[in-house]
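Side chains included, hydrogens not; waters and symmetry mates left out as well; all remaining heavy atoms used.
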Amino acid sequence: MKHQRHAKSTNSGHEIQAGCKVHMALLVTHLLFGGAPVVGKFGIHGINPVFFALLREGIAGPILLAMSYYKTRAIVPPRDDLLRLMLAGVCIFMNQFCYIVGLKLVNPVSASAWQPSQPIFTM
């Protein structure tokens, strides 16, 4: 009887590197999300939560606008989407505002444990 050869692995070095990049990106994302409440707790110690939420939205807005312009080459969204966009902006602001107020009231460990459940309630 002849011995059968095992099939060679089809993974090339590039596929393994791409997989490592994905895992590293996920690891960094989880570390940032886990550490954000701790850093945020120090950041909002003497600041009004409304101002902190407005500051976050004020920084994120131009960044998202620039990304949208880069992708679509349009600054103003279609007229049909304006109401939905404004409603989404209010909902996102309220989400951030309530999170910051909660972070001000509880410890960072509770906030970091609560944060992963937010997408469940968003859906």
Side-chain angles (χ1 to χ4, degrees):
M1 242 197 232
K2 292 184 178 180
H3 294 284
Q4 293 181 352
R5 287 189 159 178
H6 294 289
K8 287 186 177 179
S9 176
T10 58
N11 288 340
S12 67
H14 297 293
E15 290 175 5
I16 293 172
Q17 279 185 333
C20 288
K21 286 181 184 178
V22 170
H23 284 90
M24 289 305 294
L26 288 171
L27 177 67
V28 169
T29 301
H30 282 291
L31 289 174
L32 289 175
F33 279 151
V38 176
V39 174
K41 185 71 172 182
F42 292 119
I44 64 171
H45 182 62
I47 297 177
N48 184 353
V50 177
F51 175 73
F52 196 74
L54 284 173
L55 184 66
R56 285 181 72 165
E57 295 294 320
I59 292 171
I63 293 171
L64 292 173
L65 184 65
M67 289 171 55
S68 173
Y69 180 75
Y70 177 76
K71 180 82 171 159
T72 64
R73 298 287 185 229
I75 292 179
V76 179
R79 192 172 197 87
D80 297 340
D81 293 337
L82 282 177
L83 181 62
R84 277 185 251 148
L85 185 63
M86 290 183 349
L87 182 62
V90 169
C91 290
I92 291 170
F93 172 77
M94 289 306 297
N95 178 340
Q96 293 299 312
F97 172 71
C98 291
Y99 177 76
I100 292 168
V101 169
L103 183 59
K104 196 163 182 110
L105 297 174
V106 300
N107 61 5
V109 175
S110 298
S112 62
W114 176 257
Q115 189 176 16
S117 68
Q118 287 185 0
I120 295 169
F121 295 113
T122 303
M123 305 223 18

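Placement of Leu105 and Val50 within a single hydrophobic cluster is found when ILVMFWY residues are connected by side-chain heavy-atom separations under 4.5 Å, directly or transitively. Ile92 and Leu85 are not part of a single hydrophobic cluster, where members link through side-chain heavy atoms under 4.5 Å apart.
Residue Val22 is found in a hydrophobic cluster whose other members, listed by chain and number, are Leu26; membership requires side-chain heavy atoms under 4.5 Å apart, directly or through intermediates.
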Exercise answer: donor-acceptor pairs, residues 63-83 side-chain atoms, under 3.5 Å, sequence neighbours excluded:
residue	atom	partner	partner atom	Å
Thr72	OG1	Ser68	O	2.8
Thr72	OG1	Ala74	N	3.4
Asp81	OD1	Arg84	NH1	3.4

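The shortest heavy-atom contact between Ala111 and Leu103 is CB-CD1, 3.5 Å. The two residues Ile59 and Pro62 come nearest to each other via the heavy atoms O-CD, 3.5 Å.
Phe93 is listed as a side-chain neighbour of Leu54, based on a closest heavy-atom distance under 4.5 Å.
Once rounded to the nearest 0.5 Å, the distance linking CZ of Arg56 with OH of Tyr99 reads 7.5 Å. Distance check: Gln96 CD to Leu55 CG gives 11.5 Å after rounding to the nearest 0.5 Å.
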